[in-house]
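By convention in this document, chain letters (A, B, ...) are assigned in the order of the sequence lines, proteins followed by strands, and residues within each chain are numbered from 1. Atom set for the values below is all heavy atoms of this structure, side chains included, hydrogens, waters and symmetry mates excluded.
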Protein chains: 2
Amino acid sequence: MSRTAAPRPRWQRRPAARPDEILDAAFAVFVEDGFARAKLDDVARRAGVSKGTLYRYFDSKEALFREMVRAKIIPCVVQGEELVRTHGGSARDLLVTVIRRMWDTVRSAEVAQIGRLVQFELGSFPELGRFYFDEVIARTRRLLQAAIDRGIASGEFRRVPHHFATRAVASLLVHSAQHQCFFASLDPAPLTDEQVLGGVIDIVLNGVMVRPPSRSKA
Amino acid sequence: MSRTAAPRPRWQRRPAARPDEILDAAFAVFVEDGFARAKLDDVARRAGVSKGTLYRYFDSKEALFREMVRAKIIPCVVQGEELVRTHGGSARDLLVTVIRRMWDTVRSAEVAQIGRLVQFELGSFPELGRFYFDEVIARTRRLLQAAIDRGIASGEFRRVPHHFATRAVASLLVHSAQHQCFFASLDPAPLTDEQVLGGVIDIVLNGVMVRPPSRSKA
DNA sequence: GCTATCTTACTGACCGGTCAGTCACTAAAC
DNA sequence: GTTTAGTGACTGACCGGTCAGTAAGATAGC
């Protein structure tokens, strides 16, 4: 009678799948609680393994945190670089497209949460700051600057001092997105995502575009 | 012989001064370590009292944190409101002045750190979010909007949709300031504070100012 | 194809350090 | 003498990290 029962072992060996599953679980738990409050028991439970297994794949809680950030954020940067490299239209078109795409990225709860986490944990993990600056901030700046430079070359954009337009775009997008994520629910008159995005594009373009020679309305 | 010695008691009762001293110590420690990692023993030592004394003035670690945020951030908002209320010149002048003043505020390590802390701890302290939105974000927006509205009324500024200019100013300032605080040291080619501030003003004005009727250069 | 053997992925009870919060006590100050 | 600000040793919960043990599943031998 019990011949057919229990063909399923109590657990399975799945060494190839474990690391990603653990990173996903770690993301959820670190985002929820922050590094210090996050419990490895929670990560383990969520990943469907025991705590000991975590230590087979990651050296420590810190190492797990670092790998998690890396795994979640790098693909977003690569995607943006791809877009700039392959886009064909006008510079204005490219910039608007980049901004829209970047908005979708930073507006996602996932990335916004990572940004929040990283900024906070910077003080505790110096090497995390180095990594984040080099691999996320600097690369993002470079891809934005490439889009803007194209517009300067074509005469569509003015040459903003100190390449500040790049930083302005990044600041507006990141900060607005985080605001939408964390404060919109508290706002009695929140803006929609479309309104915010439109606002960012409006401010950026009208600060970046060369003034049309004559456009008086009256 | 020992008649003159030891007139100094081992400790003094100073109930009026303790709360502020404890709040200052709490600020330093919370900023350094974040809420979860901060140790009340450290706060006590820094304030020159014992841990038990903390509990005479504050109900819990959480309460201490909330009161600390309140004590550090509100004066900054009040100062900004004052400025807008009393300023006499043109709207452009007022806006630039507000931006400069606000930059000095958010650029200070103290306020940047509070912002970082608050944003991070939002998830753990719902009522902190409510307080921060109502008493910091909303009030700051209102004072910025007052400055911008003055410019719209006088014809100096265009009417940006959804009052987004207000948000753009705040985002640019806060995010740029935090960037200067936390990442400038990692940047191989950092901008000076003056350059960043100039960049913000440039972007904001050229997105906000009504285009001069004719200013063709050629 | 069936069992014996070996490797190693995985488990989970346990340990030691940490720290928020308590309380019985001390002494400053009126 | 009374009040109460202030002390600091203590406690109990919590959690990162360990490790001896278990069993999955691959491989070898027959």
>> As a quick check of understanding, evaluate side-chain contact (heavy atoms from CB on, under 4.5 Å) for A:E127 and A:R66, giving each step before the final call.
In response: CA-CA 9 Å; A:E127 59 174 313; A:R66 278 196 306 272; 3.3 Å; yes

> Which of these nucleotides, D:dT7, D:dT4, D:dT22, is closest to any side-chain atom of B:R56?
Replying inline: D:dT4

Output the rounded distance in Å from [atom1] ([X]) to [atom2] ([N]).
X	N	atom1	atom2	value
B:L40	D:dT7	CG	P	15 Å
B:R13	D:dA5	CZ	C1'	5 Å
B:K51	D:dT11	NZ	C1'	11 Å
A:W11	D:dG21	CH2	P	16 Å

> Toward the 5' end of DNA chain D, which comes first, A:R37 or B:R14, by nearest nucleotide?
Replying inline: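 Nearest-nucleotide comparison on DNA chain D picks B:R14.
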
> Looking only at heavy atoms, which two atoms of A:K61 and A:A36 are closest? And how far apart?
Replying inline: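 For A:K61 versus A:A36, the nearest heavy atoms are NZ-O, 3.4 Å.
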
>> Please check: side-chain N/O of A:S171 versus main-chain N/O of A:A168, any donor-acceptor pairing under 3.5 Å?
In response: no

> With sugar-phosphate meaning primed atoms plus P, OP1 and OP2, does B:F58 contact a base, only sugar-phosphate, or nothing at under 4.0 Å between heavy atoms?
Replying inline: nothing

>> Categorize A:A47 for me: base, sugar-phosphate, or nothing, with a 4.0 angstrom heavy-atom threshold over every strand shown.
In response: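 Result for A:A47 = nothing.
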
>> Ring-plane angle category for B:F183 and A:Y132, please: parallel below 30°, perpendicular beyond 60°, tilted otherwise.
In response: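 Parallel, since the angle between the ring planes stays under 30°.
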
Tabulate below the donor-acceptor pairs under 3.5 Å that side-chain atoms of residues 48-57 of chain B make, not counting sequence neighbours, or state none.
none

> Distance check: side-chain N/O of B:T53 vs OP1/OP2 of D:dG6, anything under 4.0 Å?
Replying inline: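 It does not, given that no N or O in the side chain of B:T53 lies less than 4.0 Å from OP1 or OP2 of D:dG6.
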
> With a 3.5 Å cut-off and no angle check, do the side chains of B:R142 and B:Q145 form a donor-acceptor pair?
Replying inline: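 No.
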
> On DNA chain C, which is the earliest and which the latest nucleotide, 5' to 3', with an atom closer than 4.0 Å to a heavy atom of chain A?
Replying inline: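 Endpoints of the contacted stretch of DNA chain C: C:dT7 to C:dG12.
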
>> Closest-nucleotide mapping onto DNA chain C: is B:F35 or A:G52 further toward the 5' terminus? I mean the 5' end.
In response: A:G52

